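In what follows, a structure is listed as structure tokens, so that the remarks can point back to it.
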Amino acid sequence: MTHRVLVIPGDGIGAEIMPHVVRVLESLGLPFAFDYADLGGHAIDKHGTPLPPETLTAARAADAVLLGAVGGPQWDDLPMDQRPEKGLLGMRSGLDLFANLRPALLFEPLADASSLKTELVADLDILIVRELTGGIYFGEPRGVTVDNGGRRGFNTYVYQEREIERIARVAFDLAEKRNGRLTSVDKANVLEVTQLWRDVVREVHADYPGVQLDHLYVDNAAMQLVRQPKQFDVVVTGNMFGDILSDVAAMLTGSLGMLPSASLNAANQGLYEPVHGSAPDIAGKNIANPLATVLSAAMMLRYSLDEAAQADRLEVAVKAVLDDGVRTADIMPAASTTGMRRVGTDEMAAAVIAALA
Ligand code: NAD
């Protein structure tokens with residue numbers, strides 16, 4: 001069966017990295033049909049809007065979307081609703097991508113890059129599952145009003161039972177396929193909405209007897225993530241807590257150039273993109289690390305294209321390249337570089353292709 005992948009290179013290093021990653025995918029020998037579309041700043045210049053309707057139509061028709069990155073200083077002064085990031089948000093809501101998967105995976109050769117002690121993070125492999133389309137970021141009413149007491153700002157933290165249930169099911173399914181442990185994070189001691197979160201997660205657990213479930217308050221979860229991160233397998237939480245905790249978990253690995261992400265809808269259609277942005281400071285210099293996008297492509301193989309063995313193969317190739325000492329500038333250690341070879345974006349991708357062969 002042909003895998004229909006919509007490729008959106010985007011802006012800055014996104015556009016620079018993507019052709020290399022497509023070559024990596026092509027070298028797997030799978031039946032891909034790649035289509036291309038515009039999003040973000042590049043789309044504003046070409047079509048006058050960050051999300052052209054034809055991009056969303058093509059995304060809906062594809063099995064998965066692989067995105068580079070969007071944004072850049074040349075679009076920063078546009079009104080908020082016309083900026084490149086608006087295209088990304090439109091894509092997320094247009095495809096109803098409610099489940100955001102952010103792995104924090106630390107390849108052992110890079111353990112030195114973490115701000116934590118090597119033994120705490122070497123071979124770290126945790127997955128944060130964040131609810132992406134609800135919670136306080138979208139709740140109504142919201143705003144700032146002026147009354148007799150001065151200005152008053154307010155937001156609404158709201159979750160429907162069905163929103164909690166569907167993200168819980170995604171997380172339980174993933175925990176079942178991994179190490180069988182799920183931690184649900186809330187603030188049920190203070191916020192009623194997250195007491196509902198805890199209750200619904202507990203109810204869904206009845207369908208997953210093989211998964212060990214525990215609950216943590218968000219403050220404790222943040223502490224545990226930096227104290228003993230390897231205690232976690234899959235973590236599930238709402239939109240705001242997930243936003244913060246996934247960045248904490250990401251930084252345990254110490255390197256933005258290595259972090260992939262996925263956002264899925266109920267049909268397992270997904271948007272796959274590196275966590276990093278368009279990095280205008282290094283764009284066009286052939287020094288950007290392509291591995292976050294390569295690892296996002298591996299997630300695409302696993303979660304949307306049902307090619308888990310090929311996803312493993314790609315991740316093993318990345319590990320082999322790192323074991324060999326091949327490094328882009330961002331993951332080159334400052335101190336000892338013995339046995340290491342500094343390469344550009346193109347050579348890193350070529351090294352992955354060679355390792356696959
Ligand atoms: P950034 O992630 O682009 O860059 C932060 C720092 O990390 C920079 O010093 C950059 O050089 C470095 N870096 C990032 N990716 C790297 C890679 N693959 N290899 C080596 N070094 C890398 O974040 P920023 O500078 O805050 O934002 C730049 C632009 O990207 C902004 O317009 C922002 O809005 C946008 N952005 C887009 C996304 C996205 O597309 N999802 C995410 C974050 C930021």
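In this text the structure is predicted, and so the values were computed from the model without any measurement. First listed ligand is number 1; within each ligand, the first listed atom is number 1.
- Within the 4.5 Å cutoff, the side chain of Val204 has heavy atoms near those of the Arg169 side chain.
- Using a 4.0 Å cut-off between charged nitrogen and carboxylate oxygen, Lys46 and Asp38 count as a salt-bridge pair.
- Closer than 4.0 angstrom to ligand 1 lie heavy atoms from Ile13, Ala69, Val70, Gly71, Gly72, Glu85, Leu88, Leu256, Gly257, Glu273, Val275, His276, Gly277, Ser278, Ala279, Pro280, Asp281, Ile282, Ala288, Asn289, Asp330.
- Side chains of Lys230 and Leu120 form no contact here, defined as non-hydrogen atoms less than 4.5 Å apart.
- Side-chain atoms of Tyr272 and Leu67, non-hydrogen and from C-beta on, never get closer than 4.5 Å to each other.
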Does Arg302 form a salt bridge (Lys or Arg N to Asp or Glu O under 4.0 Å) with Asp312? I'd like the steps, not just the answer. CA-CA 8 Å; Arg302 178 169 293 118; Asp312 289 345; 2.7 Å; yes

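- In this structure, Arg142 is not positioned above the aromatic face of Phe154 in the sense of NZ or CZ being under 6.0 Å from the six-membered ring centre and within 45° of the axis.
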